[in-house]
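Below is one structure, written out as structure tokens; comments come after it.
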Number of protein chains: 2
Amino acid sequence: MNIEQEDLKRSEIFKVLSDPNRLRMIRILYQSGREMTCGEVGEKLSVSKSTVSYHFKLLRAVGLTHTRKAAQSKYLSLNQQTFAKYLPGFLDSL
Amino acid sequence: MNIEQEDLKRSEIFKVLSDPNRLRMIRILYQSGREMTCGEVGEKLSVSKSTVSYHFKLLRAVGLTHTRKAAQSKYLSLNQQTFAKYLPGFLDSL
DNA sequence: CATGTTATTCGATAATCATCGAACTAAGGC
DNA sequence: GCCTTAGTTCGATGATTATCGAATAACATG
């Protein structure tokens with residue numbers, strides 16, 4: 001990847017992190033230290049489930065989270081590799 | 001500062017970093033290792049000077065840069081402390 | 001198969017954003 | 001005092017965004 005593309009990727013990641021609700025989601029996932037479902041996270045944020053789904057889609061799209069499907073639920077967890085590459089030390093600063 | 005406020009501050013910083021042109025500005029400043037004027041940076045990005053001024057204002061507003069005024073020019077430099085606090089290791093990953 | 005749970009998709013809407021050129025301010029040099 | 005240089009501010013505009021509720025899809029369980 002050249003610098004142009006790297007910058008675009010970086011700015012996309014920052015854009016995804018620039019919403020307070022998404023930041024909270026990440027903190028919730030990080031501090032829980034386990035997988036969580038959409039509903040579980042959404043409950044803590046008091047926003048509609050469609051909005052939660054929207055945010056989760058964005059987080060997934062830039063590789064910040066990983067999704068495991070099981071039955072009707074989807075379990076989300078942080079993708080530590082992406083954080084390590086683009087935001088070294090960030091998670092620990094939360 | 002409580003967590004709510006910290007998250008707002010964080011998301012503001014990320015929002016400022018989520019624009020490719022502002023990211024390039026930061027890279028330019030970082031790699032040059034010195035102060036630069038608005039015009040100097042703007043030249044490298046081929047955007048209008050009003051747009052550059054707009055971006056610089058945002059960077060300053062969240063404390064990512066520092067401005068020193070001298071004669072008609074304004075010299076910009078990165079505020080390393082803000083990076084260290086909110087994005088440890090980020091500059092080195094550029 | 002009917003019902004309930006979990007999540008996604010689809011408009012719609014109000015808000016925010018990046019960009020420009022033009023007008024303006026401030027400072028120097030002639 | 002004028003012109004030049006360096007930045008800022010001010011609309012205006014087109015694009016993107018966050019949010020919601022309603023409709024839909026996928027799966028499980030009675």
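In what follows, chains are A, B, ... by sequence order, proteins preceding strands, each numbered from 1.
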(message) Please tell me if Lys74(A) has a side-chain N or O lying less than 4.0 Å from either OP1 or OP2 of dT8(C).
(response) yes
(message) What is the separation between atom NZ on Lys57(A) and atom P on dT17(D), rounded to the nearest whole Å?
(response) 13 Å
(request) Could you check how far CG of Leu58(A) sits from C1' of dT17(D), rounded to whole Å? (result) 9 Å
(message) Could you check whether any side-chain heavy atom of Glu6(A) comes within less than 4.5 Å of a side-chain heavy atom of Arg10(A), counting everything from C-beta outward?
(response) yes
(request) Report the distance from atom CG of Leu17(B) to atom CD1 of Ile26(B), rounding to the nearest 0.5 Å. (result) 4.5 Å
(message) Whether the Arg60(B) and Thr65(B) side chains hold a donor-acceptor pair (N or O, under 3.5 Å, no angle test) is what I'd like checked.
(response) no
Restricting both atoms to N or O, compile the protein contacts to nucleotides 26-30 of chain D shorter than 3.5 Å, with distance only.
none

(request) Report the distance from atom CG of Leu59(B) to atom C1' of dC17(C), rounded to the nearest whole Å. (result) 15 Å
(message) Among residues 26-50 of chain B, which ones have heavy-atom contacts with DNA chain C below 4.0 Å?
(response) Val47(B), Ser48(B), Ser50(B)
(request) List the steps, then state whether side chain to side chain contact (heavy atoms under 4.5 Å, CB included) holds for Val41(B) with Met36(B). (result) CA-CA 7 Å; Val41(B) 178; Met36(B) 296 179 85; 3.8 Å; yes
(message) Counting only heavy atoms from other residues, nucleotides and ligands, does the tally under 6.0 Å from CD of Gln31(A) exceed 12?
(response) yes
(message) Contact list please: residues 4-15 of chain A against DNA chain D, heavy atoms, distance less than 4.0 Å, in numerical order.
(response) Lys15(A)
(request) Go through the side-chain N and O atoms of Ser53(B) and Ser50(B) and say whether any donor and acceptor fall under 3.5 Å apart. (result) no
(message) By the side chain to side chain donor-acceptor pair (under 3.5 Å) test, which pairs, at least two apart or in different chains, include something from residues 83-94 of chain B?
(response) Tyr30(B)-Asp92(B)
(request) For Leu17(B) and dC17(C), give me the distance from atom CG to atom P, rounded to whole Å. (result) 14 Å
(message) Whole angstroms only, please: what is the NE2-P distance between His55(B) and dG7(D)?
(response) 15 Å
(request) Could you walk me through whether Val16(B) and Leu59(B) pass the side chain to side chain contact (heavy atoms under 4.5 Å, CB included) test, one step at a time? (result) CA-CA 7 Å; Val16(B) 165; Leu59(B) 286 167; 3.5 Å; yes
(request) Return the value, rounded to whole Å, for the distance between atom CG of Asn21(B) and atom P of dT19(C). (result) 5 Å
(message) Give me each pair satisfying side chain to side chain donor-acceptor pair (under 3.5 Å) with a member in residues 15-29 of chain B, each pair once, sequence neighbours excluded.
(response) Asp7(A)-Arg27(B), Asn21(B)-Arg24(B), Arg22(B)-His55(B)
(request) With heavy atoms under 4.0 Å as the rule, sort Thr51(A) into base, sugar-phosphate or nothing. (result) base
(message) Once you measure the plane-to-plane angle for Phe14(A) and Phe90(B), does it fall in the parallel (<30°), tilted (30-60°) or perpendicular (>60°) bin?
(response) perpendicular
(request) Output all residues satisfying side-chain contact (heavy atoms from CB on, under 4.5 Å) with Glu12(A), sequence neighbours left out; order by chain, then residue number. (result) Val62(A)
(request) Please state whether the phosphate of dT8(C), meaning OP1 or OP2, lies under 4.0 angstrom from any side-chain nitrogen or oxygen of Arg60(A). (result) yes
(request) Determine: side-chain N/O of Ser53(A) to OP1/OP2 of dT8(C), distance under 4.0 Å, yes or no. (result) yes
(request) Report yes if some heavy atom in the side chain of Tyr54(A) is under 4.5 Å from a heavy atom in the side chain of Leu58(A); otherwise report no. (result) yes
(message) If you assign each of Arg22(A) and Ser73(B) to its closest nucleotide in DNA chain D, which residue comes earlier from the 5' end?
(response) Ser73(B)
(request) With heavy atoms under 4.0 Å as the rule, sort Phe56(B) into base, sugar-phosphate or nothing. (result) nothing
